Amino acid sequence: MSTDLHPLSADEITSWDHEADVVVAGYGIAGVSASIEAARAGADVLVLERTGGWGGAASLSGGILYLGGGTRLQKALGFEDTPENMKAFMLAALGPGADEAKISEYCDGSVEHYEWLVANGVVFKESFWGEPGWEIPGDDGLMFSGGENAAPFNEIATPAPRGHVPQMSDKRTGEKGGGYMIMEPLSRVAAELGVRAEYDVRVQRLVVDRDGRVVGVAAKQYGKELTVRARRGVVLATGSFAYNKEMVAAYAPQLEGRPGAAIEEHDGRAIRMAQALGADLAHMDATEVAFFGDPQLMARGILVNGRGQRYVPEDTYPGRIGQLTLLKNDNRAFLIIDESSYEAGCAATSSTPFFRFHPKWVAETVEELESDMGLPGGTLQTTVEVYNRHAADGVDPVLGKKSEWVKPIGTPVAALDLRNCTAGFTLGGLRTTVNSEVLHVSGEPIPGLFAAGRCTSGVCAWGYASGTSLGDGSFFGRRAGVSAAAN
Ligand SMILES: Cc1cc2nc3c(=O)[nH]c(=O)nc-3n(C[C@H](O)[C@H](O)[C@H](O)COP(=O)(O)OP(=O)(O)OC[C@H]3O[C@@H](n4cnc5c(N)ncnc54)[C@H](O)[C@@H]3O)c2cc1C
């Protein structure tokens, strides 16, 4: 990667290799959404994509879109939700410090955004999947995807499932996911609207005129420098910085050596290019954290840290388990589960059967298990004793796991070693307005520059819910397209 990030002066360019009204860098979820809306607003749109085709991380993803507030799908399946209820959940779960203005717009516009996706060819099946899981294993259309129905959020807002998943029957998590079923129709619509695309083009620098307005980009294609003029605006949509080692070390060191749910092209270049023009950043330390535990097993056992103590209701969103494990518990987790619950969890349908690890320790008593695991004497025994005392009444007053998953832990009992079982992607990035304008450190928008997707800080600050990435990438991607075309 060229290290020269300094903006190029338009005065130095005598002839442009390409021109368009709106130039979009990156053809993933944010890029395709921006392109469609810019084209619909009458702009001539050119997308520059570093790889050989559209798709990005979005095409590989599970396809969960975080939508709610009373979408047609939620209503058809009998779930009540309102923008206010959705907002209460998002502010509690995605913070502290989540962008309230963005969350408000996102919740107020969510029903319309669902209709937009449907109108552009994304199909959601009217069926609900209610099991604990990372993703939906079959082709159902709706799931809980952020711990809405688990403590503490089930007391902060009325639980409503908001993980909307495009229909697809032959999924393989991490290899062939529902995200393709979003990107395929959207990129087809973009092409029908006349959006042009140039592939194998790596955008590297911004081009500015004498007034500091962004008027194009400099890029590289097959070793050749290209200049591309943007008559109205440039939209940055190149993804996160999960694969930029220096940036991860500087901003989100907890993720060092463990990038996940991202692609190598997520090298933070757009953030750096815009920083070189004075762009502001937000929540650069925030990260999504995947956890390699099968939710069907976790809900049936108890998770303890390196001190033998519980720290999370095990029936919550597994990404919250990942965050609390990596960020608050030294990345040390053990799943304590008895034989009958382990067998029941293994027999249940799961989208992640490959996370069903074999027990590392098995014992006839908790005392023996504790000793075999090398935990301080009495720690695990106390934890199990307290858990079982209340579980006999079907409740978990300590962490609020729902009664349906609460059952005394019997014997023989096992422990799964889930230490260092985390990976994730970065959520921080360029600070943008609700209309996807990139903000200068002074607080003013940088003229001609727009951004969306994971190169920006979206609706998440500390927390995460599955679907918020494709969700805010598409939602604020659309805004970026509208704003750039109107510029
Ligand atoms: C296995 C997996 C499962 C996931 N599941 C979900 C899920 O269910 N729900 C959810 O919300 N999120 C999910 N995610 C995360 C989600 O896919 C991404 O966070 C999201 O796609 C980010 O959108 P984006 O538009 O910013 O980036 P992308 O969709 O990755 O698009 C960015 C594009 O920019 C291109 N690019 C990069 N650098 C340049 C450059 N210099 N010049 C030109 N082009 C460039 C890239 O090649 C890429 O095509 C998942 C990710 C993975 C990998």
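Everything numeric in this text was worked out from a predicted model, so none of it was measured. Each ligand, and each atom within it, is numbered from 1 in the order the structure gives.
For Lys176, the salt bridge (Lys or Arg N to Asp or Glu O under 4.0 Å) test picks out Asp170, with sequence neighbours left out.
Taking the centre of each ring, Phe79 and Phe128 come in below the 6.0 Å mark. Residues Tyr464 and Phe425 place their aromatic rings such that the two centres sit under 6.0 Å apart. Ring centroid separation for the pair His164 and Tyr114 comes in under the 6.0 Å cut-off.
Sorted by chain and number, the heavy-atom contacts of ligand 1 below 4.0 Å come from Gly26, Tyr27, Gly28, Ile29, Ala30, Leu48, Glu49, Arg50, Thr51, Gly56, Ala57, Ala58, Leu60, Ser61, Gly62, Gly63, Ile64, Gly174, Val201, Arg202, Val203, Ala237, Thr238, Gly239, Ala261, Ala262, Ile263, Glu265, His266, Phe425, Gly453, Arg454, Tyr464, Gly467, Thr468, Ser469, Leu470.
Here the options are Thr468, Asp81, Thr71, the test is side-chain hydrogen bond (donor to acceptor under 3.5 Å, both in side chains), and the partner is Arg162; only Asp81 passes.
Closest of all the heavy-atom pairs between Met273 and Val203 is CE-CG1, 3.8 Å.
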